[in-house]
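Take a look at the structure below.
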Number of protein chains: 2
Amino acid sequence: MKAGNMARRMSKTRKTKDKGSKSGKKRATSYDVAELAGVSQSAVSRVFQDGASASKAMRERVMAAADKLGYRPNAIARGLITQRSNMVAVVISKLTNLYYPEVLVQLTQRFSERNVRVLLFALEREGDTGSVVEQMLQYRVDGVITAAMFSPEQLRTIESAHIPVVFYNRTSREPLVSSVRCDQEAGERWLVDELVRAGHRSFGVVEGPEDSVVSIERKMGALNELTQLGITDVTTVSGDFGYETGRACFSELVEKRGNVPDAVIAANDVMAIGCIDEAREGHGLHVPDDISIVGFDGVGPARYAAYDVTTVRQPVQRMTESAASMLLERIERPELSPEKRAFSGIPIRGGSARLLKTGE
Amino acid sequence: MKAGNMARRMSKTRKTKDKGSKSGKKRATSYDVAELAGVSQSAVSRVFQDGASASKAMRERVMAAADKLGYRPNAIARGLITQRSNMVAVVISKLTNLYYPEVLVQLTQRFSERNVRVLLFALEREGDTGSVVEQMLQYRVDGVITAAMFSPEQLRTIESAHIPVVFYNRTSREPLVSSVRCDQEAGERWLVDELVRAGHRSFGVVEGPEDSVVSIERKMGALNELTQLGITDVTTVSGDFGYETGRACFSELVEKRGNVPDAVIAANDVMAIGCIDEAREGHGLHVPDDISIVGFDGVGPARYAAYDVTTVRQPVQRMTESAASMLLERIERPELSPEKRAFSGIPIRGGSARLLKTGE
DNA sequence: GGCAGTATTGCATTCGTATGCAATTTGGCG
DNA sequence: CGCCAAATTGCATACGAATGCAATACTGCC
């Protein structure tokens, strides 16, 4: 009954083996294991699944054979038949940002725990999403987490393939996508409020690259709150989230204004650090006595003693945990409606800004 | 002639469509495209390959149909039949190291350029390679780049699956693996030589985690050279490559010695920065007047003005480029023998160490 | 126009696993 | 011991694309 099948497989296998004389034998398949264990291929398949029915005896025989052959189920073939690759795409731009590495590691670990693999797409700039969509779709990823922007058209393409997407720190007008974000506006509001409470009246704002949604939200959050509080002496310059432009921006700011503002609000910690260095070295200023400088993110270097940046830390743990859970949930149950979650940042009263004591 | 085939496919397809009433139609396959274009599935397949023969007319018809259906070749299915997934595994430990993010981004981009996808495995610690091997093999990656250590047994497992491996910044006694590394010993030698030339005679050495090969190589490189030069006043303490332990290590060092050494050699830049902060804040020392502190890696923060770390920069560009090329080459031609490449680091004379001027 | 030679195209099979269905075994229990 | 239900197992086929081989369509040339 099964002889025919076996014979077919065997003869083919043999032929293949003979051909590949040098590199030795091919990887073992479920048929090889089945043959050695004297059972059917279906049985092998079932033993290597969770909820499948297989007797203890069967399980043992198959496992023994599998061990002997070094058999491992082929996830590619499995993906083909189950229509689930168990891979998700993580799209991230310019990791040199210092903030994303942590996000990436955590996301990867969260997915690993749940037995999902991460296909990484690293963009040079946020806009470079060109072939990424194409690749994701070709590899039939089950879902996407993106910290970069896709065009509406790209989104439609992804959506038409029924692949759930979770935006990380960015939202989209499209109502179909889920997102996890840190409430940048609220964070900036806190920073502005504290600075103003402590008597700062003239401001410099250092924004990030123009194609970054995060930067825009932070800038607008700060500017709106400043306006709200009746502060009009505000100068804006823009950098690229990097240290060097942070330094350049500070000088540009001073030059543009013709004086030194009471405080500088940088779109992220790295640029804040650049500003601090330039204030000290380039302009002989003392931080925070002569000027207050604040950032955003709460990255590692912001805590270095030489800077001790006053900032708002993103709750990365909770955000990545949420992002992973939301994505997996939507993969499991595509009928669920999208969800948007916003987390508050954690205020860090560092030494780079002259603030009132808490409760003062 | 093709009617039978078509009919079979069509009936099946229809049935599937009807069942999945809610989510609409399934993703288009090459059969769907073939049907619409009035050609065979093979033709479609050929149009979507590089070196396949297809007439201009054919190409156009198929492409038109494919566009209309939003067809994309299924990389999973392709991988199954071609025995090539076009995915490589990149294994990296604890990205918070600040050095690896850049490596990761660059590797990913190099592979992307060559149309190869990256499956990311992020380890909490270097040792956590447990299930990683299993996963890599199940997904049939074409190759592996690892910045973590695998046990000899794990290596044998990978090797028996004929998957080429390139070690990044670590070598293995096993002769079968290729590797790309920065010559840590030479770098440390340079640092030690310069420090000794400039008159430093007592040393502290801050090593990294014990399971890190990189740390061991750096420590041994420094210690050997110190011995070589007849310096015996050397104290060693160990951290974990992180900022906080850098600070702790400095204090521990001073306490252990009962005095402040002329120079501290840290296993990486981040710990060097920690040492600098602790020297300044915790011990009121001036860097480099009272003490010289050097690191290794050449990461971003090492160039911040407040630290300006004297260090050895790894040539990341060339190293990642090499790693990617070597891996792809070995994938293409498995018969090639492994190769080990070592790159010299780039000496950076920062302000954190009192060295003689060049040529002095 | 005819013929050899080449470029296209289609057919049939293959990759390795999952799974519906039917057949078989096992177990429980009177 | 027998009988029914439940658990286990095997068979056959599907997933979606690639490819050797054979059939067919072009091409150029005399």
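For the numbers below, each heavy atom of this structure counts, side chains included, while hydrogens, waters and symmetry mates do not.
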Side chain [X] and base [N] donor-acceptor under 3.5 Å:
X       : N      : result
A:Gln49 : C:dA18 : no
B:Ser42 : C:dC11 : yes
B:Arg46 : D:dG20 : yes

Whole-Å gap separating [atom2] ([N]) and [atom1] ([X]):
X       : N      : atom1 : atom2 : value
A:Arg84 : D:dG16 : CZ    : C1'   : 19 Å
B:Asp32 : D:dA17 : CG    : C1'   : 13 Å
B:Gln83 : D:dA17 : CD    : P     : 17 Å
B:Ile81 : C:dA12 : CD1   : P     : 17 Å
A:Glu35 : D:dG10 : CD    : C1'   : 16 Å
A:Arg72 : C:dC15 : CZ    : P     : 21 Å
A:Ile76 : D:dA17 : CD1   : C1'   : 13 Å
B:Leu80 : C:dC15 : CG    : C1'   : 4 Å

Any donor-acceptor pair under 3.5 Å linking the side chain of [X] with the backbone of [Y]?
X        : Y        : value
B:Arg72  : B:Gly70  : yes
B:Asp142 : B:Val88  : no
A:Asp32  : A:Thr29  : yes
B:Ser178 : B:Glu339 : yes

* Check whether any side-chain heavy atom of B:Arg59 lies under 4.5 Å from a side-chain heavy atom of B:Ser55, and answer yes or no. =>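 Of all side-chain heavy-atom pairs linking B:Ser55 with B:Arg59, none is under 4.5 Å.
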* Asked: Got B:Thr157 and B:Phe150 here, is their nearest side-chain heavy-atom distance under 4.5 Å?
  ->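 Side chain of B:Thr157 against side chain of B:Phe150, heavy atoms only: no contact under 4.5 Å found.
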Indicate whether OP1 or OP2 belonging to [N] is found under 4.0 Å from a side-chain N or O atom of [X].
X       : N      : answer
B:Ser55 : C:dT9  : yes
A:Ser45 : C:dA18 : yes
B:Tyr71 : D:dA17 : yes
B:Thr29 : D:dG16 : no

* To do: Assign each of B:Thr82 and B:Ala43 to its nearest nucleotide of DNA chain C by heavy atoms, then name whichever residue's nucleotide is nearer the 5' end.
  =>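 The 5'-side residue here is B:Ala43.
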* Pick one: which of A:Val144, A:Ile163, A:Val165 meets side-chain contact (heavy atoms from CB on, under 4.5 Å) with A:Met136? -> A:Val144
* Asked: Which residues within residues 132-144 of chain A lie with some heavy atom under 4.0 Å of an atom in DNA chain C?
  ->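 None - not one residue of the stretch has a heavy atom sitting under 4.0 Å from the strand.
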* Assess whether side chain to side chain contact (heavy atoms under 4.5 Å, CB included) is satisfied between B:Leu69 and B:Arg27, documenting all intermediate values. => CA-CA 8 Å; B:Leu69 296 177; B:Arg27 317 262 288 256; over 6 Å; no
* Asked: When you check the gap from the basic side-chain N to the acidic O, do B:Arg330 and B:Glu332 get nearer than 4.0 Å?
  ->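 Not counted as a salt bridge, because no side-chain N and carboxylate O are separated by less than 4.0 Å.
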* Asked: With sequence neighbours excluded, what pairs up with B:Ser325 under the side-chain hydrogen bond (donor to acceptor under 3.5 Å, both in side chains) test?
  -> B:Arg114, B:Glu321
* To do: Could you check which residues of residues 56-65 of chain A get a heavy atom under 4.0 Å from DNA chain D? Sort them by number, please.
  => A:Met58
